[in-house]
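Each remark here refers to the structure printed beneath this line.
These figures come from a predicted structure and were not determined experimentally. Every chain is numbered from 1, with letters handed out A, B, ... down the list of sequences.
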Number of protein chains: 2
Amino acid sequence: MARTHGSRAEITGPLIRDEARRLFARNGYAAVSMRQIAAAVGVQAGALYAYTPDKQALLHDLLQSHMKELLAAWRDDPSADPLTRLERFVRFHIDFSLDHADAVFLSYMELRNLTPENFRNIAELRGRYEDALDQILQAGAEAGVMHMMDRKLTTLAMIAMLTGVINWYREGGRLDRDRIGDIYWGLARGAVGAN
Amino acid sequence: MARTHGSRAEITGPLIRDEARRLFARNGYAAVSMRQIAAAVGVQAGALYAYTPDKQALLHDLLQSHMKELLAAWRDDPSADPLTRLERFVRFHIDFSLDHADAVFLSYMELRNLTPENFRNIAELRGRYEDALDQILQAGAEAGVMHMMDRKLTTLAMIAMLTGVINWYREGGRLDRDRIGDIYWGLARGAVGAN
DNA sequence: GTCTATATATTGATAGAC
DNA sequence: GTCTATCAATATATAGAC
């Protein structure tokens, strides 16, 4: 419900991002109007433009801060043994994806709606995250505890497999998160020939 | 470029579907207008409505025929040994996905733009395809040649992993299709503990 | 079957008052 | 910072001529 007059700048900004993220993820960037976002926030459409120059910048901002948050949240320990590092990555990726399901969804669903320049920016950040897993697989292969035919494809395949949880996971479902982590870690460990 | 007058019913119908599939996949359902589709086909926008009642029916039709084609294309041999069946499934899924990349993309990208009834219809078809893999994993587990903690999650994880190829594959890239099949079969075989 | 023309609604974005 | 009002563009879909 849209208010009439009165300023709440300190909370409107984050609220716009929250509602835009939710609506974009649920209905798609192109299908969501600025008026819909404004209504969900509780302001009139014109007020949004005090926070973002346009709709495209809003999308790019959501994706960029998500990717930066993801990169900041992952803390590897290169001195640990590779299998331990991989297990931590698997569980981290699942937990982070489920905690930020809308943003994850957006990050691989709405790339096509970014301008070319914004796309390159997000793709670069994504590449850095893929490198984090690639380094673990490289260490595992060099230590002889992992065996794979192609490291790059293994990286992409594993991230695709793990990210898939957001497509079926429902709070309060058959399996809790720890159990899901166990199962995917079993799949991942087998995939890299570490049984 | 849009023609002016003259009927080509026998080719306009399929052409509408082809161009709609391509444009929806590239730009997103909501972002593509009926005028864009008409322009790509070479007719005026009004002419599209001789072939589809509305835009929603066009999307649903594309997804439904894709899923039915997928189900019809997969021919399992339940008498073969489970690992052979799984290898065939892995290579089939990759090849089919790459041969129909736009439709595959649509099928998991635009589900949210279907009406609830149309969504249920597509979800049911998707469930049948998942069952095809599930049966193989069940046979493998019972024969003792595959080992997994959770068959349902293994099914979903494997399909997510395999489908991911459409996100990075490019014709003429570093790896040809057979080689990609080899690599993913290696990953899949390991994931089900069949090394 | 396809065209032209149009009804009707909605969009992203801006201007100016408060 | 937010509102109201509005512009200009574009959307889906339909009607009627050919």
Side-chain angles (χ1 to χ4, degrees), chain A residues 1-24 26-63 106 110 112-115 117-118, chain B residues 1-24 26-63 106 110 112-115 117-118:
Chain A
M1 197 57 51
R3 273 177 306 120
T4 296
H5 297 98
S7 168
R8 302 192 304 170
E10 64 289 353
I11 69 169
T12 298
L15 217 48
I16 289 172
R17 294 163 50 85
D18 289 346
E19 296 298 338
R21 188 187 304 110
R22 186 178 62 84
L23 288 167
F24 286 164
R26 185 162 306 176
N27 307 113
Y29 170 77
V32 174
S33 70
M34 295 299 267
R35 281 172 179 79
Q36 273 180 273
I37 299 170
V41 170
V43 296
Q44 297 300 319
L48 300 183
Y49 292 87
Y51 296 88
T52 183
D54 53 34
K55 193 183 173 187
Q56 164 72 206
L58 181 54
L59 175 62
H60 179 238
D61 201 56
L62 287 172
L63 297 190
L106 278 186
E110 299 296 356
R112 63 191 173 187
N113 280 312
L114 292 173
T115 62
E117 186 187 347
N118 287 344
Chain B
M1 198 55 51
R3 272 176 308 119
T4 294
H5 296 95
S7 168
R8 303 192 304 169
E10 65 290 351
I11 69 169
T12 299
L15 217 49
I16 289 172
R17 294 164 50 87
D18 290 345
E19 295 298 336
R21 188 186 304 109
R22 186 178 62 82
L23 288 167
F24 287 164
R26 184 162 307 175
N27 306 112
Y29 170 76
V32 175
S33 71
M34 295 298 266
R35 279 176 180 76
Q36 273 180 273
I37 298 169
V41 170
V43 296
Q44 297 300 318
L48 300 183
Y49 293 88
Y51 297 89
T52 182
D54 53 33
K55 193 183 172 188
Q56 164 72 208
L58 182 53
L59 174 63
H60 179 237
D61 201 54
L62 287 172
L63 298 191
L106 277 185
E110 299 296 357
R112 63 190 174 188
N113 280 311
L114 292 172
T115 62
E117 186 187 348
N118 287 344

### Query
Rounded to the Å, how far apart are B/Leu48 CG and C/dC3 P?
9 Å
### Query
To the side chain of A/Ala50, which of D/dT2, C/dT4, C/dG1 is closest?
D/dT2
### Task
Whole angstrom is fine here: how far is it from CZ in A/Arg35 over to C1' in D/dA5?
11 Å
### Query
Between A/Lys55 and A/Val32, what is the shortest heavy-atom contact and its length?
NZ-O, 2.7 Å
### Task
Please report, rounded to the nearest Å, how far the P atom of D/dA13 is from the CD atom of B/Gln56.
10 Å
### Summary
Rounded to whole Å, CG of A/Leu15 lies from C1' of D/dT2 at a distance of 15 Å
#### Entry: Nearest-0.5 Å distance, CG of residue A/Leu59 to CD of residue A/Glu110
6.5 Å
### Message
Rounded to whole Å, please give me the gap between NZ in A/Lys55 and P in D/dA9.
### Response
19 Å
### Query
Hey, is the side chain of A/Gln44 poking within less than 4.0 Å of OP1 or OP2 on D/dT4, counting only N and O atoms?
yes
### Task
For A/Tyr29 and C/dT11, give me the distance from atom OH to atom C1', rounded to whole Å.
12 Å
### Task
Any chance you could measure A/Arg17, atom CZ, to A/Tyr51, atom OH, to the nearest 0.5 Å?
13.0 Å
## Note on the structure
Closest non-hydrogen contact found for A/Asn113 with B/Ala31 is OD1-CB, 4.4 Å
### Query
Is the distance from OP1 or OP2 of D/dG1 to the nearest side-chain N or O of A/Thr12 less than 4.0 Å?
no
## Note on the structure
B/Ile37 atom CD1 is separated from D/dA11 atom P, nearest whole Å, by 11 Å
### Candidate nucleotides C/dT4, D/dG1, C/dT2, ranked by approach to the side chain of B/Tyr51 - the nearest
C/dT2
### Query
Would you say A/Ser33 reaches C/dT11's phosphate, i.e. side-chain N/O to OP1/OP2 under 4.0 Å?
yes
### Summary
Taking D/dT4, C/dG12, D/dA13 as options, the one with an atom nearest any side-chain atom of A/Tyr49 is C/dG12
### Task
Specify the residue among A/Gln36 and A/Pro53 whose closest nucleotide of DNA chain C lies further upstream toward the 5′ end.
A/Gln36
### Among B/Leu23, B/Asp18, B/Val43, the one residue meeting side chain to side chain contact (heavy atoms under 4.5 Å, CB included) with B/Ile37
B/Leu23
